[in-house]
Undergrad: 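Below you will find the structure I want to go over with you.
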Amino acid sequence: MRILVTGGAGFLGSHLCERLLSEGHTVVAMDNFVTGNPRNIAHLSDNPRFQFIQHDITHFIHLDGALDGVLHFASPASPIDYLKLPIETMKVGSLGTHNVLGLALAKNARILFASTSEIYGDPLEHPQTETYLGNVDTIGPRGVYDEAKRFSESLMMAYHRAHNLETRIVRIFNTYGPRMRLADGRVVPNFVAQALRGESLTVYGTGSQTRSFQYVSDLVEGVYRLFQSDFHEPVNIGNPDEMTILEFAQIVNEVTGNKAGIIYKDERIKGDPQTRRPDNSRAKTVLGWEPKVKLREGLVDTIAYFRSVL
Ligand code: UDP
């Protein structure tokens with residue numbers, strides 16, 4: 001298949017490009033480098049089945065030749081990024097999704113959209129199943145990301161219903177691994193970089209808020225299986241091993257041997273979700289997928305990566 005990956009130079013996009021190439025597909029990666037980085041795909045440039053196009057998908061997308069599939073992963077994804085880039089975030093998740101859907105329709109290509117656990121907002125149901133409708137503050141600082149992703153899901157379903165387009169929606173929970181940006185502000189790069197520098201880890205709020213962390217290879221496997229399936233309803237892909245942010249900080253200090261401890265800071269952004277954990281039953285039933293990589297295993301490669309870029 002010839003497959004377009006929007007956000008192809010990003011953290012997840014670049015890992016997906018690699019996986020698609022290793023499965024024998026031809027890949028067109030597209031990115032405008034707002035949060036992506038050419039370094040993430042530099043090692044793919046010699047592959048004759050890999051092509052890169054620098055383009056902002058909020059503008060009309062020209063692509064010559066046949067296209068069989070699209071993985072739509074373009075968007076700022078870190079809370080710090082979308083606070084800095086609120087309008088870009090809303091545009092890529094609305095105009096961008098519309099353009100990508102228009103391209104998929106014109107080429108009769110299957111399209112998979114990277115949605116997020118953030119569509120559940122600060123959830124009142126725990127763990128989150130795909131049937132939970134969410135608790136999002138439309139006008140809060142996180143609303144630009146959450147609502148753009150929700151709009152995109154609706155637009156995907158509209159194209160599916162109106163045009164019978166083959167659509168897939170993955171709801172991605174917190175994912176980490178090599179090629180995350182050191183300074184993207186998320187908890188994994190922050191804590192690992194602080195630990196490697198021998199600094200105290202900055203816990204925002206009380207640290208009692210929970211998350212669960214999925215290693216990137218598990219995410220890539222889930223996305224690839226969903227893309228190949230015929231299932232058009234949303235599927236959660238995440239690791240259910242939930243912990244408090246304080247517990248996570250203690251693990252990072254332990255595995256890095258950091259003695260500098262923890263310092264508490266004010267809540268970073270109003271409306272920080274207090275709990276988050278995927279219910280993966282659907283992914284298991286529909287895709288036969290379950291996460292495999294334990295946190296302490298995934299942290300080994302991640303720490304080595306951050307050490308190499310510090
Ligand atoms: N967090 C923290 N210290 C940091 C960065 C993040 O305590 O240096 C917390 C943040 O407040 C949130 C959680 O870690 O509760 C996860 O934040 P992240 O930015 O990784 O992603 P989110 O899940 O909020 O989208």
Side-chain angles (χ1 to χ4, degrees), residues 10-12 35 73 75-86 89 93 114-123 126-128 134-137 140-150 171-216 219 236-253 256 258 260-278 295 298-299 302-303 306 310:
F11 163 47
L12 298 181
T35 55
F73 275 68
S75 178
S78 151
I80 296 298
D81 286 336
Y82 52 77
L83 280 182
K84 267 192 281 184
L85 303 164
T89 302
S115 188
T116 167
S117 55
E118 283 281 307
I119 71 115
Y120 302 122
D122 192 2
H126 195 69
Q128 292 79 52
N135 177 37
V136 172
D137 177 3
R142 301 179 81 113
V144 291
Y145 183 68
D146 304 4
E147 291 298 340
K149 292 288 188 183
R150 292 174 68 96
R171 291 187 181 151
I172 301 172
F173 285 67
N174 294 62
T175 306
Y176 70 98
R179 300 198 200 122
M180 285 189 99
R181 268 163 45 240
L182 190 62
D184 90 352
R186 279 185 283 192
V187 69
V188 175
N190 270 17
F191 282 3
V192 172
Q194 288 160 349
L196 292 176
R197 293 185 180 118
E199 298 166 2
S200 310
L201 309 198
T202 52
V203 170
Y204 299 150
T206 62
S208 61
Q209 68 273 35
T210 67
R211 295 291 188 275
S212 56
F213 300 99
Q214 156 173 251
Y215 191 61
V216 62
L219 181 273
N236 290 339
I237 296 287
N239 192 306
D241 188 7
E242 182 183 10
M243 66 196 74
T244 67
I245 292 300
L246 191 57
E247 285 166 339
F248 179 59
Q250 285 155 350
I251 292 172
V252 171
N253 275 340
T256 55
N258 183 32
I262 284 160
I263 48 165
Y264 290 92
K265 298 223 165 174
D266 289 344
E267 189 187 36
R268 173 188 53 184
I269 307 170
K270 192 177 145 288
D272 195 354
Q274 290 306 295
T275 55
R276 188 184 286 159
R277 170 158 58 100
L295 179 62
L299 279 176
T302 307
I303 290 167
F306 283 123
L310 260 185

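Atoms considered below: every heavy atom in the structure, side chains included; atoms not considered: hydrogens, waters and symmetry mates. These numbers come from a predicted model, not from an experiment. All ligand and atom numbering here is 1-based and tracks the order in the structure.
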Undergrad: Okay, side chain of Asp146, backbone of Asp137: is any donor-acceptor separation there less than 3.5 Å?
TA: no
Undergrad: In the protein, what heavy atom is nearest to atom 5 (C) of ligand 1, and what distance, to one decimal place, separates them?
TA: Tyr204 CE1, 3.3 Å
Undergrad: Do any N/O atoms on Val187 end up under 3.5 angstrom from N/O atoms on ligand 1?
TA: yes
Undergrad: Does Phe191 come within less than 4.0 Å of ligand 1, judged by its heavy atoms?
TA: yes
Undergrad: Pick one of side chain, backbone, both or neither for how Arg142 approaches ligand 1, counting any non-hydrogen atom pair under 4.0 Å.
TA: side chain
Undergrad: Parallel, tilted or perpendicular, judged at 30° and 60°: which one describes the rings of Tyr120 and Phe173?
TA: tilted
Undergrad: Under 4.0 Å from a heavy atom of Asn190: which atoms of ligand 1 are those, numbered in the order shown and with their elements?
TA: 4 (C), 5 (C), 8 (O)
Undergrad: For a quick test of reading the model, state the closest non-hydrogen atom pair linking Ile119 to Val136 and the distance between them.
TA: O-CG2, 3.5 Å
Undergrad: Can you tell whether the side chains of Glu118 and Arg142 come within less than 4.0 Å, N to carboxylate O?
TA: yes
Undergrad: Considering heavy atoms of the protein only, find what lies nearest to atom 21 (O) of ligand 1 and give residue, atom and distance to 0.1 Å.
TA: Asn174 ND2, 3.7 Å
Undergrad: Are Ser78 and ligand 1 in contact, using a heavy-atom cut-off of under 4.0 Å?
TA: no
Undergrad: Using a plain distance cutoff, I'd like to know if Arg186 has any nitrogen or oxygen under 3.5 Å from a nitrogen or oxygen of ligand 1.
TA: no
Undergrad: For Arg276, take its heavy atoms, then give the atoms of ligand 1 lying under 4.0 Å from any of them.
TA: 22 (P), 23 (O), 25 (O)
Undergrad: Is the backbone of Asp184 close enough, under 3.5 Å, to the side chain of Ser78 for a donor and an acceptor to pair up by distance?
TA: yes
Undergrad: Could you tell me which non-hydrogen atom of Pro123 sits nearest to which non-hydrogen atom of Pro273, and how far apart they are?
TA: CD-CB, 4.3 Å
Undergrad: Could you check which of Ile262, Thr175, Asp272, Asp81 puts a non-hydrogen atom nearest to atom 12 (C) of ligand 1?
TA: Asp272
Undergrad: Would you name the heavy atoms of Val216 and Thr175 that are closest together and state the gap between them?
TA: CA-CG2, 3.8 Å
Undergrad: Any N/O of Gln194 closer than 3.5 Å to an N/O of ligand 1?
TA: no
Undergrad: Output the list of atoms in ligand 1 that are nearer than 4.0 Å to some heavy atom of Val203, sorted by atom number.
TA: 7 (O)
Undergrad: State whether the side chain of Asn236 and the backbone N or O of Gln128 hold a donor-acceptor pair below 3.5 Å, judged by distance alone.
TA: yes
Undergrad: How does Ile80 reach ligand 1, if at all, at less than 4.0 Å between non-hydrogen atoms: by side chain, backbone, both, or neither?
TA: neither
Undergrad: At a non-hydrogen distance cut-off of under 4.0 Å, which region of Arg268 contacts ligand 1 (side chain, backbone, both, or neither)?
TA: side chain
Undergrad: Please identify which of these residues, Leu196, Ile262, Ile251, Ile245, meets the side chain to side chain contact (heavy atoms under 4.5 Å, CB included) condition with Phe191.
TA: Ile245
Undergrad: Could you tell me whether Thr202 approaches ligand 1 through its side chain, its backbone, both or neither, with non-hydrogen atoms closer than 4.0 Å?
TA: both
Undergrad: Using a 4.0 Å heavy-atom cut-off, which part of Lys265 comes near ligand 1: side chain, backbone, both, or neither?
TA: neither
Undergrad: Between Glu147 and Tyr145 (side chain of the first, backbone of the second, donor and acceptor by atom type, cut-off under 3.5 Å), is there such a pair?
TA: no
Undergrad: Any idea which protein heavy atom is nearest atom 13 (C) of ligand 1, and the distance to it?
TA: Ile245 CD1, 3.6 Å
Undergrad: Have a look at Phe213 and tell me which of Val188, Asp241, Thr302, Leu299 forms a side chain to side chain contact (heavy atoms under 4.5 Å, CB included) with it.
TA: Val188
